[in-house]
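Residue numbers begin at 1 in each chain, while the letters A, B, ... track the order of the sequences.
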Amino acid sequence: MRARPVILHLDLDAFFTAVEQLHKPSLRGKPVVVGGVRGRGVVSTASYEARVFGIRSAMPTAEARRRCPNAAFLSPRFEAYRDASHAVMDLVRELTPLVEQVSIDEAYLDLTPQHPQADVGLVGELVGGLRARIQARTGLTASVGAGTSKLVAKIHSDLAKPDGQIVVPPGEEAERLAPMAVRAIPGVGPATAARLTAHGIATVGRLAALDLDEVVALLGKAHGTQLHAFARGEDDREVVTERAAKSVSAESTFETDVTDRVRLAEHVRRLTDRVGERLRADGLSGRTVVLKARRHDFSTLTRSTTLDQPTDADAVVLRQALRLLDGLDVADGLRLLGVGVSGLSLYTQPDLLDGLLDDRPGPVRTGTVEDDDEFVRPDAGGGALPVEEPAGPGDEAPAADQPAPRSPWRPGQDVEHVEHGRGWVQGSGVGRVTVRFEGPNTEVGRIRTFAEDDPDLTPADPPVWQPEDAADEAAGS
DNA sequence: TCTGGGGTCCTAGGACCC
DNA sequence: TCTGGGGTCCTAGGACCC
């Protein structure tokens, strides 16, 4: 806990619907619901006008329609929301560089660098100025809580909604929290609240009065310890500006439950494509492939398998995901399928290059080699090495007991034909080899082909690869 | 027309190693 | 030669958040 109320939590009010009302004036002042508009959709955001009818986030859209048939029901337009979010976060970063964006419409700020001595009055002025600028420049309203910790800031941005702000004076944390319902603490959901209530603990004050041992016995070590501290207003968490992704996944719910394995397999392939595209666009590869299934009764299963080497190749992920699907009983029907990859690593891990760098170290480049590229493996005497074809959509799924074919490439191998730098095989998968580059005139990006005569690789005309190119390419353009 | 889609973190048991 | 104990990895499930 800090001595001064320098931690802020900013939350945009009814963000998705606010953007829609901004773009379409006829929606202003009317009930608007953004979410899944089809059969099994749920509400993402309800405008304040729609909340009057009892419509809430996560409510089935069908229920929302019953409550307010005349509301506008819109599918989300994430690109518009991302643009608006960027505009807001740019303004936020003018106040402090210590910004932790936790979702598209929420961020924590730490004012310490600019205003280490800020008091309640100054913080109130700064927050008021920020909110006014956000409204003037984007048309959106934001609510802000401020205090000595993330916990206090977060709880009070909620209380300030809509279009308000609360700065909690240092020292008042515990007494303000005490009368609140336990559900007000972030991390206390329906299950934890029910468990606490069953033991007669309804308020934060009651929770704070318990011994640590009692809370841990009730809620487990990690959760119990944290909630015990939170209930007392104690929270030392830092504002973290960068956070590495831990997993990438895609999932979707069927209109009606599906039992047909052919349809399920086809769906797994589409999900795998989406995951693979995003892995490659972000320069990531992962070792663990996860298949998620939700059954007709809403129970959820996960099956996972871990590879020897990280991969970002669709064919590798697909083979594993189909194997996992084979092991599932689908006779009663599935309502959802998901594919994920975790155990992620960045292709560009500087420590792997230690001792291998050129005399003139340049920026690092990460690339992917397609199966039609010719490679010369140094220990193979200069012969071209075949790379196995990736499985096509029409290929049969391999038998469950058949081990995945291994790529002939091994991490650490040198790639000789790169003329203006050096390359090493870093990640390897069947049909796709990831190569790491170090040399002048390179930038982080994606490399499509690596034929020796590739004009992009001639020293006379050094390539300039932009991350945007990589994203476009991964998107299939 | 009950219950989306993208994540994070934790727990617990078994395997395996020393 | 009736049985230890710690550490790590893997897998499955669940709570929670926006």
**Study point:** Most 5' of A/A62 and A/S57 on DNA chain B, judged by nearest nucleotide
**Key:** A/A62

**Study point:** Residue-phosphate contact under 4.0 Å: A/T192 side-chain N/O, C/dC16 OP1/OP2
**Key:** yes

Counting only side-chain heavy atoms from C-beta out, which of [options] sits nearest to [X]?
| X | options | result |
| --- | --- | --- |
| A/T306 | B/dG4, C/dG13, C/dC10 | C/dC10 |
| A/A191 | C/dC16, B/dT11, B/dG6 | C/dC16 |
| A/P60 | B/dT3, B/dT1, B/dC9 | B/dT3 |
| A/S247 | B/dT8, C/dC18, B/dT3 | B/dT8 |
| A/D105 | C/dG13, B/dG4, C/dC18 | C/dC18 |
| A/K246 | B/dT3, B/dC9, C/dT11 | B/dC9 |
| A/R66 | C/dG13, B/dT1, B/dG6 | B/dT1 |
| A/K154 | B/dT3, C/dC18, C/dT11 | C/dC18 |
| A/E106 | B/dC9, C/dC18, B/dT1 | C/dC18 |
| A/A222 | B/dT11, B/dG6, B/dG5 | B/dT11 |

With heavy atoms under 4.0 Å as the rule, sort [X] into base, sugar-phosphate or nothing.
| X | result |
| --- | --- |
| A/V43 | nothing |
| A/R287 | sugar-phosphate |
| A/R294 | sugar-phosphate |

Practice item. Measure the spacing between CG of A/D312 and CG of A/L284 and express it to the nearest 0.5 Å. Key: 9.0 Å

With distance as the sole criterion, is a donor-acceptor pair present between the side chains of [X] and [Y] under 3.5 Å?
| X | Y | value |
| --- | --- | --- |
| A/T272 | A/D314 | no |
| A/S157 | A/D11 | no |
| A/E238 | A/Y108 | no |

Round to a whole Å and report the spacing from [atom1] of [X] to [atom2] of [N].
| X | N | atom1 | atom2 | value |
| --- | --- | --- | --- | --- |
| A/Y108 | B/dT8 | OH | P | 16 Å |
| A/R183 | C/dC16 | CZ | P | 7 Å |
| A/K292 | C/dA12 | NZ | C1' | 13 Å |
| A/L334 | B/dG4 | CG | P | 14 Å |
| A/R40 | B/dG4 | CZ | C1' | 11 Å |
| A/L219 | B/dA12 | CG | P | 13 Å |
| A/L336 | B/dC2 | CG | P | 17 Å |

Review point. Any sub-3.5 Å donor-acceptor pair from A/R335's side-chain atoms to A/F298's backbone N or O?
Key: no

Review point. Think A/R65 forms a cation-pi with A/F73, using NZ or CZ under 6.0 Å from the six-ring centre and within 45 degrees of its axis?
Key: yes

**Study point:** Aromatic stack A/F298/B/dT3: centroid gap under 5.5 Å, interplanar angle under 30°
**Key:** yes

Check your understanding: Given the P atoms of C/dT3 and B/dC16, what is the spacing between them in whole Å?
Key -> 23 Å

Point to revise | Watson-Crick or G-U wobble mate for C/dA15, both contacts under 3.5 Å | key: B/dT8

